[in-house]
Student: 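Dropping a structure here in structure tokens format, bear with me for questions.
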Protein chains: 2
Amino acid sequence: MRREVTLRDVAELAGVSSRTVSNVVNGYANVTERTRERVQRAVDELGYRPNVLARNLAQGRSGQIAVVVPYLDTPYFSELLQSVIRAARARGYNVLIDQTDGDPEHERAFIAHGSRRLLFDGVIFSPLGLDQQALADRDPALPLVVLGERTSDGGFDHVGIDDVTASRQATDHLLDLGRQRIAAIGDQPYATGEAAQRRTRGFRLAHQARGLVPREDLIISTPRFNRPDGAQAMAHLLDLAEPPDAVFCYSDLVALGAIRTIVSRGLRVPEDVAVIGYDDIEDGAYSNPTVTTISPDKEMIATTAVDRLLLRIASDTPPPGLEMRAPHKLIIRESTAGRTTATA
Amino acid sequence: MRREVTLRDVAELAGVSSRTVSNVVNGYANVTERTRERVQRAVDELGYRPNVLARNLAQGRSGQIAVVVPYLDTPYFSELLQSVIRAARARGYNVLIDQTDGDPEHERAFIAHGSRRLLFDGVIFSPLGLDQQALADRDPALPLVVLGERTSDGGFDHVGIDDVTASRQATDHLLDLGRQRIAAIGDQPYATGEAAQRRTRGFRLAHQARGLVPREDLIISTPRFNRPDGAQAMAHLLDLAEPPDAVFCYSDLVALGAIRTIVSRGLRVPEDVAVIGYDDIEDGAYSNPTVTTISPDKEMIATTAVDRLLLRIASDTPPPGLEMRAPHKLIIRESTAGRTTATA
DNA sequence: CTACGCTTTTGCAGCGCTGCAAAAGACAGC
DNA sequence: GCTGTCTTTTGCAGCGCTGCAAAAGCGTAG
């Protein structure tokens with residue numbers, strides 16, 4: 001195999017020092033037009049390409065950021081990831097993706113002190129829940145931005161939407177429809193993270209604001225936020241003596257699973273049970289029925305996270321941890337509003 | 001910021017040469033137990049972690065493979081990716097993900113000669129279509145495995161399922177149901193890749209084997225394989241004087257979009273129109289109705305691709321390009337078989 | 001006691017690049 | 001012509017590791 005072209009080769013051909021070639025390649029300022037041209041010609045002629053590895057080693061940075069998500073095949077994450085990759089790429093960074101399969105041990109290892117040093121300059125972390133142990137072990141020098149979960153630890157940034165308000169709006173929407181027995185699927189009272197708990201809080205607040213008290217047996221916990229969980233939880237709810245007439249699901253996948261169960265029992269959505277989801281994944285816009293949902297601004301979450309992480313990477317003295325809220329909105333579709341198309 | 005611990009630091013503490021520390025860290029053979037222990041103690045005490053960048057530079061490899069997909073938020077790709085990442089991780093490789101947004105220029109750049117040298121040791125490439133220009137420009141020294149698309153170029157491997165047979169099975173299934181006017185959505189007669197064309201071939205073959213001729217106006221081309229495309233194509237089909245009573249969709253997303261259109265017009269699936277998809281994404285198992293589909297063995301595709309790529313990376317003389325077939329099966333669900341649950 | 005073959009350890013060079021500081025040039029003013 | 005200032009170019013060291021080959025250690029045999 002032919003040896004690759006190096007800076008030195010170019011330098012020799014152009015009759016300048018290798019440092020000057022480096023300057024040209026990197027577009028540094030003080031190079032005369034004459035020199036630049038000569039070097040450029042040599043670069044072109046030899047087909048020189050910088051060796052990223054060597055550059056990284058010399059600079060002590062990798063030009064890569066890691067994005068850690070629990071599951072890649074969850075549409076919410078893959079949609080978010082898509083935006084993150086785009087944002088990072090636009091800023092000259094590559095994205096290394098890691099899925100933890102929801103294993104807290106794996107999540108921990110990722111932000112632990114000294115983990116895989118220098119393979120990435122920083123981490124965007126979307127944990128299932130924020131493990132306290134993980135936070136304790138975390139490398140304070142590792143630039144970190146956390147998505148979704150919140151915490152009091154000040155050493156990193158957090159980007160997410162206002163879950164409590166969003167959940168309250170979702171519940172309000174169901175109450176506005178005149179529903180009497182509203183269930184919630186997705187609580188995780190014992191989880192380390194508190195995203196689920198914030199949604200439950202919003203759910204309760206919406207009731208309280210109208211002087212209502214949610215029935216505790218209608219608040220269902222699920223291990224994850226996927227279709228099977230939703231399907232199963234809904235089956236349980238429909239088996240109750242007094243089944244719900246509306247359900248607030250903590251993710252669109254849960255909602256899709258729940259709808260599946262409702263329909264397969266011969267009941268109608270939303271006539272018999274209205275369903276609302278969370279995340280606004282594409283599936284929900286094309287399902288039968290389409291799913292009313294809370295839509296977080298994923299593009300905004302992604303770019304904010306990337307920008308903030310790069311800032312953190314670039315600064316010598318780590319900036320204080322910031323709490324950042326991306327906007328969200330309620331998107332009303334058939335699963336609560338019914339079929340709008342005439343033909344039905 | 002404290003300087004990081006290096007091999008040399010460990011060597012000093014352990015009273016050996018840095019090369020010996022390297023040997024211990026990498027688990028090389030000829031190290032006495034005594035030495036190994038002493039070094040290990042020093043490693044632990046200082047909390048030494050190898051600098052991956054330096055190792056890579058010295059070894060001339062990056063320990064990373066790139067996976068190039070058109071769209072990350074397409075469930076088929078994200079499900080596949082999940083398996084690829086897992087397989088690569090198990091073999092000590094990291095995965096760098098790149099999405100091309102379907103831009104052929106971008107796809108080309110990725111496998112082009114000298115592209116981003118050394119950031120990755122090889123590429124698993126899942127192109128929209130195999131651009132001839134891209135193949136011509138491709139770096140022959142870059143280990144490459146292509147998913148889905150086939151070609152006669154012998155310089156790399158190909159992993160996929162037998163599209164023609166699978167498509168024929170799908171069509172047969174619809175014919176077996178007694179459907180008279182079967183449409184196909186997803187042909188791409190002018191695309192550079194031929195995956196879509198192979199599916200159309202299978203579609204035709206199934207007809208021919210029964211002495212039938214498919215109606216040409218029922219074979220619909222789409223730019224991509226997503227929900228909107230499916231929805232739109234189906235709308236067109238339903239507007240025909242003689243609309244189809246069954247549809248073979250070239251992806252589950254297309255099928256979901258098509259079903260959406262059918263249902264929103266007040267027609268029933270499968271009673272009025274039977275629908276079959278392709279890819280077996282999770283969505284199709286929880287939609288209303290659930291979607292009959294061709295299920296490629298994604299796990300097998302992923303591990304085969306990774307194994308083959310690593311083999312290619314490891315070998316000095318590139319092995320000949322191989323054509324590899326992963327198994328697939330037909331999974332029959334409600335969109336062709338109707339509701340099996342009693343209650344409906 | 002020396003020679004020999006084997007295992008274990010070492011030293012050095014170098015992967016290809018950039019940071020730093022010094023050297024060389026260019027130009028103006030006295 | 002000389003000095004001082006500013007711009008451009010250079011040389012060197014070193015990022016932290018591994019490949020290679022030589023050196024050292026070690027046990028056995030002659």
Side-chain angles (χ1 to χ4, degrees), chain A residues 1-40 42-43 46-64 92 114 116-121 314 316, chain B residues 1-40 42-43 46-64 92 114 116-119 121 316:
Chain A
M1 178 142 25
R2 213 174 71 274
R3 204 178 54 82
E4 298 283 355
V5 181
T6 75
L7 266 192
R8 231 174 301 276
D9 299 329
V10 178
E12 209 160 308
L13 179 61
V16 296
S17 76
S18 65
R19 197 59 184 79
T20 298
V21 178
S22 169
N23 285 339
V24 171
V25 170
N26 292 289
Y28 287 157
N30 293 334
V31 182
T32 52
E33 198 46 46
R34 236 179 71 83
T35 314
R36 181 182 309 282
E37 256 175 41
R38 194 138 45 93
V39 171
Q40 192 57 53
V43 165
L46 296 176
Y48 168 76
R49 296 252 142 195
N51 179 322
V52 193
L53 246 45
R55 173 181 296 172
N56 291 346
L57 178 60
Q59 290 186 149
R61 41 149 268 169
S62 72
Q64 297 187 148
R116 293 212 271 161
R117 202 175 100 214
L118 274 186
L119 242 187
F120 40 79
D121 301 328
D316 303 320
Chain B
M1 178 142 23
R2 211 173 74 275
R3 204 178 55 83
E4 297 283 355
V5 181
T6 75
L7 267 191
R8 229 172 303 276
D9 298 330
V10 178
E12 209 160 309
L13 179 61
V16 297
S17 77
S18 65
R19 197 60 185 77
T20 298
V21 178
S22 169
N23 285 339
V24 171
V25 170
N26 291 289
Y28 286 157
N30 293 334
V31 181
T32 52
E33 199 46 46
R34 237 180 70 82
T35 314
R36 181 184 309 284
E37 256 175 40
R38 194 141 43 96
V39 170
Q40 193 56 55
V43 165
L46 296 177
Y48 168 75
R49 296 253 141 195
N51 179 323
V52 193
L53 245 43
R55 171 181 297 171
N56 290 346
L57 178 60
Q59 291 188 147
R61 40 149 267 167
S62 71
Q64 299 188 146
R116 296 211 271 163
R117 205 175 97 214
L118 276 185
L119 242 185
D121 301 328
D316 302 319

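Order of the sequence lines fixes the chain letters, A, B, ..., with proteins taken first and strands second; residue numbering starts at 1 for each chain. The structure presented is a predicted model; accordingly, all values stated were derived computationally and were not measured.
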Student: Just compare C:dC17, D:dT8, C:dG16 and give me whichever is closest to any side-chain atom of A:R55.
Tutor: C:dC17
Student: Do side-chain atoms of A:N51 reach the backbone of A:L53 as a donor and acceptor pair under 3.5 angstrom?
Tutor: yes
Student: Return the 5'-most residue of the pair A:T35, A:R8 with respect to DNA chain D, ranking by each residue's nearest nucleotide.
Tutor: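 Nearest nucleotide further toward 5': that of A:T35.
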Student: Any side-chain N or O of A:S17 less than 4.0 Å from the OP1 or OP2 oxygen of D:dG11?
Tutor: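 Checking A:S17 against D:dG11: no side-chain N or O falls below 4.0 Å of OP1 or OP2.
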Student: Answer yes or no: is there a donor N or O on one side and an acceptor on the other, between the side chain of A:R38 and the main chain of A:A14, under 3.5 Å?
Tutor: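 The answer is yes, because a donor-acceptor pair under 3.5 Å joins these two groups.
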Student: Picking from D:dT18, C:dT10, D:dC15, which would you name as closest to the side chain of B:V16?
Tutor: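 Given the options D:dT18, C:dT10, D:dC15, the side chain of B:V16 is closest to C:dT10.
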Student: Please write out the pairs of protein N or O atoms and N or O atoms of nucleotides 19-27 of chain C separated by less than 3.5 Å, giving the distance to one decimal.
Tutor:
residue: C:dG19; atom: N7; partner: A:R19; partner atom: NE; Å: 3.0
residue: C:dG19; atom: N7; partner: A:R19; partner atom: NH2; Å: 2.9
residue: C:dG19; atom: O6; partner: A:R19; partner atom: NE; Å: 3.1

Student: Look at the side-chain N and O atoms of A:T32 and state whether any lies under 4.0 Å from the OP1 or OP2 oxygen of D:dT9.
Tutor: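 Looking at the OP1 and OP2 atoms of D:dT9, one of them is under 4.0 Å from a side-chain N or O of A:T32.
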Student: I would like to know whether A:R19 and A:N23 meet side-chain hydrogen bond (donor to acceptor under 3.5 Å, both in side chains); could you show each step before the answer?
Tutor: CA-CA 6 Å; A:R19 197 59 184 79; A:N23 285 339; 2.8 Å; yes
Student: Output yes when at least one side-chain N/O atom of B:T20 is less than 4.0 Å from OP1 or OP2 of C:dT9, else no.
Tutor: no
Student: Mind checking B:N56 for me? I need base, sugar-phosphate or nothing, with any heavy atom below 4.0 Å counting as a touch.
Tutor: nothing
Student: Has the side chain of B:N26 got a donor or acceptor atom that lies under 3.5 Å from a matching backbone atom of B:S22?
Tutor: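 Yes; at least one donor-acceptor contact below 3.5 Å.
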Student: Does B:T6 put a side-chain nitrogen or oxygen below 4.0 Å from OP1 or OP2 of D:dG16?
Tutor: no
Student: Of all the choices, C:dG16, C:dT9, D:dC17, which nucleotide is nearest to the side chain of B:Y48 once you look at every atom?
Tutor: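 Of the candidates, D:dC17 comes closest.
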Student: Distance check: side-chain N/O of B:N26 vs OP1/OP2 of D:dT18, anything under 4.0 Å?
Tutor: yes
Student: Between D:dC15, C:dT7, C:dC17, which one does the side chain of B:N30 approach most closely?
Tutor: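 My answer, after comparing the listed nucleotides, is C:dT7.
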